[in-house]
Amino acid sequence: MDPAPITIDLEQLSDDELAETFIRGCRERDQHNLFLARVAAELAKRDKHDDDGFVTPIDWIRFNGHMTAGAAANSVAVGEAMHRMPESVEAMVGGEIGFAHLTVMARTAEDLGDRFDERVLIQKARESSPGKFHYICMHYRHAADPGRYADEQAEQVQQRRLKLSRWMDGTVLLSGQFDPEGGAVLLTAIEPLARKSGAHDDRDLERRQGDALVELAAGGGSQAQIQVTSSIETLLGLAGAPAADMDLSPPISSQAVERLACDSSIARVLLDSDSMVIDVGRSKRVVSEPARRALGVRDGSCRWPACDRPASRCAAHHVVHWIHGGTTELDNLVLLCHRHHWMVHEGNWQIVQGDLGGILVIPPTVTFGLPGRGPD
Ligand SMILES: [Zn+2]
Ligand SMILES: [Zn+2]
């Protein structure tokens with residue numbers, strides 16, 4: 001590449017010239033990244049990394065290219081998928097989209113295998129920023145393979161963890177990992193409590209979030225009002241339906257929406273296929289306060305065998321979901337704690353009403369990641 005631009009005296013340039021210089025530089029960077037992606041994919045086929053003592057080609061590329069592991073993997077992914085997205089490559093060479101779009105396209109191609117069709121996505125790539133395009137591709141992945149999308153989300157829930165360690169002086173250190181939806185619930189609960197309390201509030205963001213978490217744990221704050229936007233097709237789990245949108249989260253699977261919509265604590269907006277807000281009557285879906293109290297008295301705690309989470313920590317699960325015509329009458333409701341509610345909707349466990357008023361639980365034939373792990 002021509003080294004001259006580096007020596008240009010930028011202060012001498014007009015605004016337009018400066019902007020043009022920037023854009024030209026970005027185009028050149030993208031072209032170069034495309035070339036490097038081809039090289040990276042070729043390197044990934046060979047054993048150079050092994051000869052040099054690296055575990056994987058990505059490791060070799062990351063180290064020698066001074067890149068993050070993510071950037072190295074993206075580079076290889078683009079190089080490997082180039083032949084499956086010729087129009088996208090052409091659009092990038094023509095400056096219509098950037099290399100960042102190509103990485104999203106390549107990752108989508110990698111995920112979907114034979115189901116990937118570049119023609120469905122290329123126009124969206126031209127119209128959208130890389131970030132927005134990433135979201136569009138997640139919806140596309142859901143539409144192409146809803147089952148797999150839901151499996152991946154369920155797997156992310158299995159990865160949930162929170163590590164709390166205590167120092168000698170009592171200080172507690174906290175680190176953890178949350179799936180997108182669980183993380184969004186957490187963020188939604190913490191965010192309002194972490195806002196500045198006025199102009200005089202000089203706490204930084206991390207301090208405010210720390211205070212907010214303590215306040216939340218102490219019982220402060222109101223019920224998190226999660227906003228979910230879903231088409232009826234998604235809620236019904238129909239093939240080809242997009243994923244649902246949730247504030248502060250990547251798109252979520254239809255099983256997750258079903259669970260969120262099952263319990264009444266979630267604010268939600270449903271859209272029909274023409275994106276008009278449709279009103280699902282409150283009486284049809286929201287368990288009334290008296291019914292909820294009666295349910296608490298009847299069930300006392302989570303109804304899952306051997307689980308004793310108190311009613312206040314439970315969701316009112318509809319045995320027949322209201323989207324399938326189920327009512328909010330007591331005989332269609334069962335108290336389930338949040339973990340067991342998740343296991344019914346996304347973990348593929350089934351619950352059946354037993355003869356003596358108890359419920360029976362049937363494990364899934366296929367489990368996610370942790371076969372044989374029973375209820376708490
Ligand atoms: Zn439910
Ligand atoms: Zn339970």
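Everything numeric here is computed off the predicted structure, so don't read it as measured data. First listed ligand is number 1; within each ligand, the first listed atom is number 1. The analysis underlying the following values was restricted to heavy atoms, covering all of them including side chains, and did not include hydrogens, waters or symmetry mates.
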For the Zn ion (ligand 1), the closest N/O/S atom belonging to H317: ND1
Which N, O or S atom of H340 lies nearest to the Zn ion (ligand 2), by name: ND1
Residue pair D169 / T171, side-chain donor-acceptor N/O under 3.5 Å: yes
Q255 versus H345, side-chain donor and acceptor atoms under 3.5 Å: no
Salt-bridge criterion met for R259 and E346 (N-O under 4.0 Å): yes
Step-by-step ring pair (Phe, Tyr, Trp, His ring centres under 6.0 Å) determination, W304 to H340: CA-CA 7 Å; W304 199 275; H340 289 134; 4.4 Å; yes
The Zn ion (ligand 2) to nearest N/O/S of C307 below 2.8 Å: yes
Carboxylate-amine/guanidinium contact D211 R207, below 4.0 Å: yes
Degrees at the Zn ion (ligand 1) between the SG atom of C262 and the NE2 atom of H345, nearest 10°: 120°
Residue H321, metal the Zn ion (ligand 1), N/O/S under 2.8 Å: no
The Zn ion (ligand 2) to nearest N/O/S of C337 less than 2.8 Å: yes
